[in-house]
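Residues: numbered from 1 along the sequence shown.
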Amino acid sequence: MVNLGLVSGKKSLKTVTLIFKVPYYTQWGQSMLISGSEPVLGSWNVRRGLVLSPFHEGDELIWCGRVSVPIGFSCEYGYYLVDDDRNILRSEGGKKRKLVLPEGIEEGHSMLLYDLWQTASDSLFSRSAFKNVIFGGDYVSDVDVTPGPVQKNLDHQDAIVVQFKVSCPFIAYGTSVCVTGSTTQLGQWNIQDALKLSYTGDSCWQANCSVRKSEFPIKYKYCRCGGMGKTSLEVGSNREVNVDISSNPPNYISLSDGVFREMPWRGAGVAIPMFSVRSENDLGVGEFLDLKLLVDLAVNSGFHLVQLLPVNDTSVNGMWWDSYPYSSLSVFALHPLYLRVQALSENIPEDVKQEILSAKAQLDLKDVDYEATMSTKLSIAKKIFDLEKDYVLNSSSFKKFFSENEEWLKPYAAFCFLRDFFETSDHTQWGRFATFSKEKLEKLISKDSLQYDIISFHYYVQFHLHVQLSEAAAYARKKKVVLKGDLPIGVDRNSVDTWVYPNLFRMNTSTGAPPDYFDKNGQNWGFPTYNWEEMSKDNYAWWRARLTQMAKYFTAYRIDHILGFFRIWELPEHAITGLVGKFRPSIPLSQGELEGDGIWDFDRLSRPYIRQEMLQEKFGALWTIIASNFLNEYQKQCYEFKEDCNTEKKIVAKLKTSTERSFWLEGEDKIRRGLFDLLQNIVLIRDPEDYRKFYPRFNLEDTSSFKDLDDHSKNVLKRLYYDYYFHRQEVLWRQNALKTLPALLNSSDMLACGEDLGLIPSCVHPVMQELGLIGLRIQRMPNEPDLEFGIPSWYSYMTVCAPSCHDCSPMRAWWEENEERRTRFYRTMFGSNDTPPSHCIPEVAFFILQQHFEAPSMWAIFPLQDLLALKEEYTSRAASEETINDPTNPKHYWRYRVHVTLETLLRDTELMLAIKDLVKSSGRSYPEVEETTPQGGNSDAAPISEKCTQCERCEIPQVVRQNGSESYAVQ
């Protein structure tokens, strides 16, 4: 036992003994310790923490430790799983534990703290999505909110004071928590006489009582007690606490009993990109204020969640390429595409109103016309800005917004001005502005500058986007609907962020994904990879700022490509495809390692392997022309690429500019693919930063370069390939994720979900579980390698399940794409050998959706297209046209719009009730608020809502209205 007197050098302190116990099963070489805020517990230095000793108690392995502390002692602490060198293997999730000694505790007394290991998932229900939205955050208003200190004095020498503590996040208004059990003080299982607990904040309840030593062991359970005598006893076996009264039992026992045990909470939601929404008031595209209608739709359908794709500005190229929502111009700015121009002012001139009406008619198309919509909205917004800029920019609400956001808003506005001035977002082409500096920025955005009008217009647009999204977010909270955003893995190469923070990015590289379900050739997203080493120097401040900004509007978020926080697929900047890449970080194959296995000819393995017969096979009669233009014959019938076409980008450029282009013009795509195949015909990728390091090319066994090797080399390279991709990196990737992901998770109170699809390392799911991250399950992409289709009833609780997602075809299109696969699915999942319907008829849709509603997953989130398949009248559009993204096409046009307005769907009570019945029958939670029907009139009459009086957390700028018109409070 650690003695505080020896540690501190003070022997005169009156001390008491703390006894820590925690049940935890460990493996060989693992042990447990406690680290805390005080020196006796190591001052958060885990290597100096209190080491615990194991013993068996029944079927449990208990870890126990003792320490002497002075009367009046208090601290924070946590448990850690460590190896023999005290390296942390796992730490507890959630908030640190707090310890305050009982009032009146006397010298020589002892206190037993019986804890349960705290997992990150235990604290999920303290996140804002649940605490502030689904559960409302107001349930404690009529119960005692007192800390309930441990009883001051022991009633008699034969008693032990026991403190009961439990977390109960799911609790209705007017409900309290009690504990009942085998002793008189706990009512002897009579709930009317149970011990009532007091609420202490953060979903925690506690109470104390004295128990005679002779009454141990105590068996007990917690119970919720509501009005009208309604009670709900927790599920599972009885809890039990015991002490050995024959050998100096403790005077006090504190029981930290974790979470109230009940059937796991499950909810449902709807997913749709913001741009895909259609309403009666939008201007060619879904808008932030349409989210209020989408929230109403969610409520009427029994959904607790609305999920969006990223809504950040992507205006990099000034054309439809910018429809790609994951290629951010700024990770902080909102997209002007989602601005409702009608809501900018109550004093819009008649000619502008007519322009808006005309534009509404012209842009009310089957799909989004990105370029026309952006151009129209910015043009109209500029006209309104010119009329009221002085009024708005001097308002108190704008000044508040500006002061809270100027760190990103100033560079963003300056970037937009320079992009338009130089007619390119490639900031390396901006002359003296190519290198960012705060001094140049302040001169550029000065109020005295000629371009200030342009600069302030970007401020104005961002201000109104903030106001409109804030209004929608407050409405969602009021209706108990979670708004779930999306955190893209990358930023555009030509973005505000790479301009301002170039040190945070590896600009000579590109981000993508190796071959997987989505694309057998891999993906190249074009984003620069992150310089994690540089980011770690300020504890990932850029990431933390991103999450803080998101949390202003969203209470949950999806981490795009969470595998990238373990390792990212890194490609050279000159690559176009995603095949010839390597993982970063990763442990490469060293030249010495390869030589030790008898591999010597590194040039042969790392240079494109090109032989004359390959050229003849790929290009036929054109092979000599292709060879003379693109290749050099360095020895008989052996070729290498010329310097001006030895990368994918150079090949594309030369195909377009060659004087002999007429020879291959009609078959240019085929020639390009053939040349790419030759360039990718390698076995090893040499590290450009260290020529003695190599990486095995993905699917190297498929290359003719590999097939022409001798058997010894093949066997060695196959072994090293599987070691590189599936074994040697696991510890490194786990460590990398545990450095980066906690910075994100701890920087906001949002609920986090991770998109864990693709080639998944074995370390990913354990780390996600450890951090309390919710995974994603798509039925057609099962995690089980021996299954063609996922079985929703097998999904784990900590998942989101869905029949499809934005990166694959929706349910109807998938059903129609492949007859053989459809037949296998029908036989496997429906249990029928009949011929399946050729179309996804409502009965088929119902069956698939019902499977997901009934899954054990915490969330079932459905693309809106899949829900509309329940009703035949909404399936008139070709199923393939409902696809949002084609991952195999890097220049896909993201333009899908739902073909029916939200108002029409809200009036369809039959569909709403059918969906809500699925929610209710599956046992999922649903919002118990008044359902909404669309109202007549124009919802855009008011440009900015007054601050929500229902919710003090609302951050909408307040606007004073006078005589029916808007009046900004000018400072």
Side-chain angles (χ1 to χ4, degrees), residues 521 571-572 574-577 579-582 588-661 663-664 667-668 670-718 720-721:
N521 294 314
L571 301 149
H574 54 68
I576 292 176
T577 66
L579 185 60
V580 185
K582 61 183 175 64
L589 309 178
S590 69
Q591 185 168 319
E593 180 181 6
L594 290 163
E595 289 173 346
D597 279 320
I599 303 295
W600 300 90
D601 195 348
F602 301 109
D603 282 347
R604 157 69 177 83
L605 296 172
S606 61
R607 292 170 61 189
Y609 181 70
I610 307 171
R611 298 296 181 263
Q612 183 173 308
E613 62 268 22
M614 299 177 193
L615 300 177
Q616 293 169 333
E617 181 183 345
K618 282 187 178 296
F619 306 115
L622 284 176
W623 84 266
T624 55
I625 297 173
I626 298 298
S628 64
N629 276 272
F630 295 91
L631 304 167
N632 291 323
E633 188 175 12
Y634 64 91
Q635 67 184 52
K636 188 173 177 60
Q637 297 188 354
C638 297
Y639 293 82
E640 63 184 0
F641 278 95
K642 293 181 177 181
E643 181 66 27
D644 66 348
C645 54
N646 60 359
T647 71
E648 291 176 349
K649 285 187 176 178
K650 287 180 181 180
I651 288 173
V652 170
K654 188 161 184 175
L655 281 170
K656 298 290 186 187
T657 59
S658 174
T659 56
E660 299 190 38
R661 187 185 182 196
F663 286 104
W664 58 70
E668 187 171 310
K670 182 179 179 181
I671 300 297
R672 175 180 52 80
R673 287 195 299 271
L675 290 170
F676 279 11
D677 286 345
L678 293 174
L679 192 66
Q680 297 164 355
N681 192 24
I682 58 176
V683 175
L684 296 177
I685 301 168
R686 195 187 288 265
D687 192 324
E689 297 172 11
D690 186 342
Y691 269 41
R692 293 180 58 82
K693 293 179 180 178
F694 299 88
Y695 305 88
R697 178 234 199 247
F698 201 89
N699 289 343
L700 59 79
E701 292 181 60
D702 294 341
T703 67
S704 58
S705 178
F706 177 86
K707 291 172 182 175
D708 282 357
L709 292 172
D710 62 89
D711 288 343
H712 169 76
S713 297
K714 285 181 182 178
N715 290 332
V716 168
L717 289 166
K718 278 197 291 187
L720 292 174
Y721 174 90

* Structure fact -> Residue pairs passing the salt bridge (Lys or Arg N to Asp or Glu O under 4.0 Å) test with at least one member in residues 693-710, sequence neighbours excluded, are Asp690-Lys693

* **Where at least one partner belongs to residues 622-634, residue pairs that pass salt bridge (Lys or Arg N to Asp or Glu O under 4.0 Å), sequence neighbours excluded** => none

* Ser658-Asn629 side chain donor-acceptor pair, cut-off 3.5 Å -> yes

* Structure fact -> Applied to residues 603-639, the ring-ring contact (aromatic ring centres under 6.0 Å, His included) test, sequence neighbours excluded, yields Phe630-Trp664

* To do: Would you please test Phe641 and Leu631 for side chain to side chain contact (heavy atoms under 4.5 Å, CB included) and show each step?
  => CA-CA 4 Å; Phe641 278 95; Leu631 304 167; 3.7 Å; yes

* Tell me, please, which residues at least two apart from Arg661 pass salt bridge (Lys or Arg N to Asp or Glu O under 4.0 Å). => Glu668

* Asked: Tell me the salt bridge (Lys or Arg N to Asp or Glu O under 4.0 Å) pairs involving residues 674-688, sequence neighbours left out?
  -> Asp603-Arg686, Lys618-Asp677

* **Any side-chain donor near an acceptor of the partner, Glu660 and Ser628, under 3.5 Å** => no

* Could you give me the CA-CA distance, side-chain angles and deciding distance for Leu615 and Ile626, then say whether side chain to side chain contact (heavy atoms under 4.5 Å, CB included) is met? => CA-CA 8 Å; Leu615 300 177; Ile626 298 298; 5.5 Å; no

* Asked: Residues in salt bridge (Lys or Arg N to Asp or Glu O under 4.0 Å) with Glu689, at least two apart?
  -> Arg506

* **Lys714: salt bridge (Lys or Arg N to Asp or Glu O under 4.0 Å) partners, not counting sequence neighbours** => none

* Asked: With a cut-off of 6.0 Å (strictly less than), are more than 12 heavy atoms of other residues, nucleotides or ligands near NZ of Lys670?
  -> no

* Asked: For Phe694 and Tyr691, which heavy atoms make the closest approach, and how far apart are they?
  -> CZ-O, 3.6 Å

* Asked: Can you check side chain to side chain contact (heavy atoms under 4.5 Å, CB included) on Leu684 and Leu594, steps first, answer last?
  -> CA-CA 11 Å; Leu684 296 177; Leu594 290 163; 4.0 Å; yes

* Structure fact -> For Tyr721, the ring pair (Phe, Tyr, Trp, His ring centres under 6.0 Å) test, sequence neighbours excluded, returns Tyr725

* Heavy atoms of other groups near Gln637 CD, more than 12 under 6.0 Å -> yes

* Asked: Restricting to pairs with a member in residues 589-601, which pass salt bridge (Lys or Arg N to Asp or Glu O under 4.0 Å), not counting sequence neighbours?
  -> Glu593-Arg728, Asp597-Arg719

* Asked: Residues in side chain to side chain donor-acceptor pair (under 3.5 Å) with Ser704, at least two apart?
  -> Asn681

* Heavy-atom pair of closest approach, residues Met614 and Ile610 -> SD-CA, 4.0 Å

* To do: Using the side-chain hydrogen bond (donor to acceptor under 3.5 Å, both in side chains) rule, pick out the option among Thr703, Asn699, Thr577 that qualifies with Gln680.
  => Thr577

* Got a sec, which residues hit salt bridge (Lys or Arg N to Asp or Glu O under 4.0 Å) with Lys654, two or more places apart in sequence or on another chain? -> Asp644

* Output all residues satisfying side chain to side chain donor-acceptor pair (under 3.5 Å) with Arg604, sequence neighbours left out; order by chain, then residue number. => Ser705

* What are the two closest heavy atoms between Pro608 and Leu679, and how far apart are they? -> CG-O, 3.7 Å

* Does the side chain to side chain contact (heavy atoms under 4.5 Å, CB included) test come out yes or no for Phe676 and Leu579, once each step is laid out? -> CA-CA 10 Å; Phe676 279 11; Leu579 185 60; over 6 Å; no

